[in-house]
Amino acid sequence: MSQETVTFTLDGVKVKATKGQTIMEAADAAGIYIPRLCWHKDLPSGGNCRICTVMVNGRPAGSCLFPVEDGIVVENNTKQLKDHRCQVVEMHFIEGNHYCPSCEASGECELQALGYYTQMLTPTSPYLRPKYEVDASHPDVYIDRDRCILCGRCIRASEFLDGKCVFSFEGRGIHKRISVNAEHNLGETNMEASDRAATICPTGALMIKRTGYRIPVGKRRFDIHPIGWDIEKKKKSG
Amino acid sequence: MSEDHALFIKKVAEKYGRDPTRLMDILLEVNARYGWFSEETIGHIGEAMDIPRVKIRDKISFYTFFSQKPVGKTVIRLSNSVVEKMKGAAEVARAFEDAVGVKFGETTPDGAITLTYAQCIGMSDQAPSALINHTPVGNLLPEDVGDIVEAIKNEEDISQLPQALIDVNLRRSGPVVFAPMDAGTAVRAALKMTPEQVIDEIKKSNLRGRGGAGFPTGKKWEACRNVKSDFRYIVCNADEGEPGTFKDRVIMSERANLVFEGMTIAGYAVGAEYGIVYLRGEYEYMLEDLKRILEERRKKGLLGKNILDKKDFNFAIRIQIGAGAYICGEESALIESLEGKRGAPRERPPFPVEKGYMNRPTAVNNVETLCAAARIMEQGADWFSTIGTEASAGTKLLSVSGDCSRPGVYEIEYGITVARFLKMVGAEHAIAAKIGGPSGRLVAPNDFDRTISFEDFSTGGSVIFFGPGRDLLTHMKQFTEFFVEESCGWCTPCRVGTTLMLKEFDKIIEGRATRTEIENIKKLGQTIKTMSRCGLGQTAPNPILTSMQNFPELYEAVIKPVDYIGTFDFAKAVSAGAEITGRKPHSDEEANL
């Protein structure tokens, strides 16, 4: 990979980046947080959640996948985009059944943290209230599809980090869901609790059993700092 | 028995060299034998292909022609798209239910017949229509249904039924696509030039893509040619799925040679040796004819090695059948589907001209664009650019359906006004026109003096007319249902947003909306348009948003002049109890809601 440097504008500020970086990577390095949900630092981007959408020369683009180019003008922190992002965060809550107060992932959940970050209030559209059954067939890992946001992280992690293929999507549109590589359930797969896929879920849809309350509520990741804090602090300190 | 299945599936897999990119063909062949995919079948396919079963299930569950529950020997897919509904699909559906004895979504207990609904099957000009297995039947009347079902039960040849005589319905031929042609003329003309000269000629002609986006064809070919690669591909997009469109049906039945001619020229221009036609699954009945035409072209030296004795110019074409998914008309989703995966669109960049099929530079062109490219070789760029307008050279095929006396395909010159066009098709009394199908806009009569062209009303070709008395809001709801059904589900704004759009719109239709709902829908629509990954989501709110823009009076008439109406319908919630007890439920006000 060449180290060619490019310069682009992000919310009016000139940002230097390395050719081949995505807009999100370049923004991260510059200490500018672009909200994201399906993205994970150790995985190839999926572009599923669209929360990281920015305007590139006036046109929307997913910043987790769009490569920086010299001279592009990127808008991130505009009122319009913040409104759209908030509404997409809301859609995730409406689509599933997210009972934050009783969820083991509360405080660790990136969706919940983004709800706070985007200052989401009670959704204006009615909840879809789908009916799912928990798949607790595996001795160490369980799937609670109520909390699944179809970000695809577990699929990518299983494939690219674990060298397996435990998960994939099934169905299309609003009927899409996570499916496992077995005739019936997760217990029949080669999933292990030590798989990266087991801990990569941004919500509480894929959880390791008997670990839910090891860190008490109030002392969890997003109880202490808001999401994106680690990126924004670079700017403050730098 | 299970071993038989396993053996059969293994043989099918071996026939395609166990090539994962040919998974679609393998699934189609397995489907042709069993009609559906049990978990056992899915397991056998996974084993035979050495692909995890979850990936096979992923693919199968994506396409509407593949079922994960048993279906009858004969599957009747009645189209219930908007135009079909306007033309009486509901009555035909009831007649089928009566004659077959099961409801839609069900199979007869003897496993003979399944009734199911389909989206647009490319027969809107002959609605109501259905596919009986792969055979299309059109102009259905409720009184015909008994005979059709009888014929199915008696195992007669369905293609011999009077309803299976498909009208070509080519109402107007223009100078580009439907002018007479001789196989080979255009290719011969192209081979007299260098590939670069061919691209220059196409650029000079101002030809733009006919699928809807309107990207300049010459520029696309040039970009594809300029990317360094060992292989390049030409893909012909014959997966028209926009409700109300059927122009590709007519092109493929009347001018397949011109399409293949265009592909061959594209191959020469960009330096590709391989072309694939992605033909929508609904048109499988054309496959044998198309294969025969390809064979004839091979015999004439128009395909194969050293075409027309041009040394080292080799080009082959194969036809890939789809399996029912509107999204596969989107070029990157089409490529994913061609590679044997679910048809989810890709992120761009990289564009297909850089990394397309098999990650190689790929020029994806619409059927109609390829016809025009071939004709430009025959007649020249100067001739072509004199047709139409300055910004929109050439002709456009329009698929016309709905309330008009002469539905069918029209080849018109760009720049025609809507008003002139609706006289041509016999839709003088139209109260609205949906130009560009569901993803296009709903046009009101005060805009009928505007033109069909890239610079004004740009369209992939579907034009649906609505006559006096049509309930436009209900039809906009039906268009939105189409997008809910066809959203691939990859990204959240489209997957969830389209469903929310529909739910909000229901409040309007049911007379439970205020100005707040109107504002909510506009906001939601903008979010879906801005945040969605591909063209499907980016256009899905159009039926509702453009009707709000152009027909505000329809909305004013139904919204309530209050600040807020709750989503909870008290009367509805207690209706079952009220019926049992015989008591009249309180109104919302009385119930203090």
Side-chain angles (χ1 to χ4, degrees), chain A residues 37-38 45-51 53 55 59-62 64-67 69 80-81 83-96 123-126 128 149-152 155 158-159 164-184 189, chain B residues 39-40 42-43 46 51-64 68 325 327 342-350 483-504 516-517 520 523-524 526-533 537-538 567-568:
Chain A
L37 190 50
C38 66
S45 298
N48 301 78
C49 75
R50 313 312 293 174
I51 288 170
T53 299
M55 302 304 272
R59 293 172 70 101
C64 68
L65 280 150
F66 200 95
E69 285 165 35
Q80 202 194 22
L81 277 173
D83 285 352
H84 289 324
R85 281 177 191 149
C86 181
Q87 193 154 30
V88 177
V89 170
E90 228 180 85
M91 285 181 193
H92 288 93
F93 279 97
I94 292 168
E95 184 186 26
T124 46
S125 294
L128 300 183
I149 54 168
L150 299 171
C151 67
I155 300 175
S158 185
E159 186 175 346
K164 299 181 182 181
C165 181
V166 176
F167 305 99
S168 194
F169 290 122
E170 181 178 2
R172 81 178 183 207
I174 199 72
H175 306 295
K176 194 175 166 205
R177 47 176 260 161
I178 285 287
S179 184
V180 296
N181 191 31
E183 205 169 323
H184 306 101
T189 67
Chain B
E39 269 301 315
E40 189 197 329
I42 290 172
I51 295 174
R53 69 158 62 223
V54 73
K55 294 279 178 207
I56 307 281
R57 194 190 294 132
D58 182 329
K59 170 112 177 163
I60 286 165
S61 64
F62 188 79
Y63 296 96
T64 48
Q68 283 171 273
I327 187 65
R342 73 160 41 217
R346 292 178 179 174
E347 198 84 12
R348 281 155 312 163
F483 287 115
V484 169
E485 180 70 27
E486 294 295 334
S487 166
C488 84
W490 184 270
C491 75
T492 311
C494 176
R495 183 182 71 239
V496 185
T498 48
T499 293
L500 298 187
M501 209 60 192
L502 188 60
K503 286 194 177 278
E504 290 290 312
T516 310
E517 272 73 27
N520 283 351
K523 186 170 160 256
L524 180 60
Q526 280 312 320
T527 298
I528 300 169
K529 281 174 88 82
T530 310
M531 305 295 270
S532 292
R533 182 182 170 98
Q538 288 155 15
T567 49
F568 181 68

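Worth knowing before you read on, the calculation uses all heavy atoms, side chains too, and leaves out hydrogens, waters and symmetry mates. So that the names make sense, note that chain A is the first sequence line, chain B the second, and so on, each numbered from 1.
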Minimum heavy-atom separation for [X] to [Y], with atom names?
X: A:His92; Y: B:Thr492; result: NE2-OG1, 2.9 Å
X: A:Arg172; Y: B:Thr64; result: NH2-CG2, 3.3 Å
X: A:Val88; Y: B:Pro493; result: CG2-CG, 4.2 Å
X: B:Cys491; Y: A:Gly47; result: CB-O, 4.3 Å
X: B:Glu504; Y: A:Pro126; result: OE2-CD, 4.1 Å

How far does [atom1] of [X] sit from [atom2] of [Y], to the nearest 0.5 angstrom?
X: A:His175; Y: B:Ser61; atom1: NE2; atom2: OG; answer: 11.5 Å
X: A:Gln87; Y: B:Asn520; atom1: CD; atom2: CG; answer: 8.0 Å
X: B:Arg348; Y: A:Leu65; atom1: CZ; atom2: CG; answer: 12.5 Å
X: B:Glu39; Y: A:His184; atom1: CD; atom2: NE2; answer: 7.5 Å
X: A:Lys176; Y: B:Arg342; atom1: NZ; atom2: CZ; answer: 5.5 Å
X: A:Ser168; Y: B:Ile56; atom1: OG; atom2: CD1; answer: 10.0 Å

So which residue, B:Lys529, B:Lys503, B:Lys55, ends up with the most heavy-atom pairs under 4.5 Å with chain A?
B:Lys55
Quick one: of B:Leu524, B:Ile42, B:Ile60, who has the most non-hydrogen atom pairs under 4.5 Å with chain A?
B:Leu524
With a 4.5 angstrom heavy-atom cut-off, could you sort out which part of B:Thr516 is near chain A: side chain, backbone, both or neither?
neither
With a 4.5 angstrom heavy-atom cut-off, which part of B:Ala325 approaches chain A: side chain, backbone, both or neither?
both
Does [X] reach the side chain of [Y], with side-chain heavy atoms less than 4.5 Å apart?
X: B:Gln526; Y: A:Asp83; value: no
X: B:Val54; Y: A:Cys165; value: yes
X: A:Glu95; Y: B:Thr499; value: no
X: A:Leu128; Y: B:Leu500; value: yes

Does any backbone or side-chain atom of [X] lie under 4.5 Å from a heavy atom of chain B? Answer side chain, backbone, both or neither.
X: A:Ile155; value: side chain
X: A:Leu37; value: neither
X: A:Arg85; value: both
X: A:Phe66; value: side chain

Can you list the steps and then say if A:Thr124 with B:Lys523 is a side chain to side chain contact (heavy atoms under 4.5 Å, CB included)?
CA-CA 11 Å; A:Thr124 46; B:Lys523 186 170 160 256; 5.8 Å; no
Is it the case that the side chain of B:Arg57 and the backbone of A:Asn181 share a donor-acceptor pair, with hydrogens and angles ignored and the cut-off at 3.5 Å?
no
Please confirm whether the backbone N or O of B:Trp490 pairs with a side-chain atom of A:Asn48, one donor and one acceptor, at under 3.5 Å?
yes
Could you check which of A:Gly46, A:Cys38, A:Ser45 has the highest count of heavy-atom pairs closer than 4.5 Å to chain B?
A:Gly46
When you check the gap from the basic side-chain N to the acidic O, do B:Arg53 and A:Glu170 get nearer than 4.0 Å?
no
My understanding is that only residues two or more places apart in sequence, or in another chain, count here; which of them pass side chain to side chain donor-acceptor pair (under 3.5 Å) with B:Gln538?
none
